[in-house]
Amino acid sequence: MPELPEVETTRRGIAPHLIGHCVDKVIVRDGRLRWPVPRNLNSLLKGQEITAVSRRGKYLLLITLHGTTIIHLGMSGSLRVLDTDTPAVKHDHVDICLDTGKCLRLHDPRRFGCVLFTRDEPLQHELLNELGPEPLEADFTVDYLFEHSRRRKAAVKLFIMDSHIVVGVGNIYASEALFLAGIRPSRPAGRVTRAEYIKLVEAIKRVLTAAIKAGGTTLRDFTASDGRPGYFSQQLNVYGRKDEPCRVCGQTIKHSILGQRATHFCPHCQH
DNA sequence: AATCGCGCCTGACGGC
DNA sequence: TGCCGTCAGGCGCGAT
């Protein structure tokens, strides 16, 4: 389940293998992703030089002179850089082969991800143009989050997972950040105080930064890695720890459902 | 405008 | 061992 840290780790891992190189060909073995992979992706990319690999939220952007390839990993997607002649295995849906003999290979069992192409300014694309700020950028501030939360009745966990508010805060790190900030996930966002949002913004930035760092330390060479950066090695305080003792106070971690998603919290540490 | 629930899809897992 | 039901989960979308 790639969250922002895994996507960013992926971006950093693949970028050196792509930037400055030209696409030799694109192989689409199964284009039935969340949206169909463009049938003409090969002709769009063939011969084009990848000039940059960037990210907006959990979307990866491969920039070429005539357009941008937009990739999302969904729930189960991963990208690896392999020798082009490496045999494809089940769920290896798309290869972007380079003139270096390497290829960028998308593996996505559940096919919730996507590979799209736009000729226009990518940030104006309909999937990207209404996204909130990046959580690790300077414009994601306490003032911003606090102002947007007023009169909001939705649970604060769903509020910070809303990509219109802030991008890249998925189920795992929303739970972890709320734990660090001492806030119950079910609290209406509009009832969370400014003092608590100070803690929450700090916690979101801290937990994501730590996870990226963990991914970066595990990732030595993205080539032939297993495609799963090691941020899972980061110690989780609440997520997936239902009925286990809180690492801080020892009380039993509770579990509930918010917006059809598993939500974990410590009833003693979070109010 | 905000909020809520749905469904896409497959692998893992638990029960029998 | 094998079969089957259930669950997980990002996120766009339609309904309210």
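Below, chain A is the first sequence line, B the second, and so on; all start at residue 1.
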H17(A) versus T100(A): any side-chain heavy-atom pair under 4.5 Å? no
May I ask you to evaluate whether K153(A) reaches the phosphate of dC4(B), defined as a side-chain N or O under 4.0 Å from OP1 or OP2? no
Hphob cluster co-occupancy, V248(A) + L236(A), side-chain heavy atoms under 4.5 angstrom: yes
Work out how much the helix from dA2(B)-dT16(C) to dC16(B)-dG2(C) bends between its end axes, five pairs an end, to the nearest 10 degrees. 40°
Does the pair R194(A)/E147(A) count as a salt bridge with the N-to-O cut at 4.0 Å? yes
Taking side-chain contact (heavy atoms from CB on, under 4.5 Å) as the criterion, tell me which of V37(A), D108(A), I71(A) meets it with V94(A). V37(A)
Round to the nearest Å and state the distance from M161(A) atom CE to dG5(B) atom C1'. 14 Å
Take the protein atom CD1 of I257(A) and the nucleotide atom C1' of dT6(C), then report the distance between them rounded to whole Å. 13 Å
Between R11(A) and E8(A), is the closest basic N to carboxylate O distance under 4.0 Å? yes
Measure the acute angle between the ring planes of Y144(A) and H148(A), then classify it against the limits of 30° and 60° as parallel, tilted or perpendicular. tilted
Could you give the NE2-to-C1' distance, from H148(A) to dA1(B), as a whole number of Å? 12 Å
Contact string for nucleotides 11-16 of chain C, one letter per nucleotide 5' to 3', B = base within protein heavy-atom range under 4.0 Å, S = sugar-phosphate only, - = neither, reads BB----
Find out if a path of hydrophobic residues (ILVMFWY) with successive side-chain heavy-atom gaps under 4.5 Å connects L104(A) to V53(A). yes
Whole-Å distance separating the CG atom of L33(A) from the P atom of dG10(C): 18 Å
So what does R152(A) touch, heavy atoms closer than 4.0 Å: a base, only the sugar-phosphate, or nothing? sugar-phosphate
Contact list please: residues 105-125 of chain A against DNA chain C, heavy atoms, distance less than 4.0 Å, in numerical order. R110(A), F112(A)
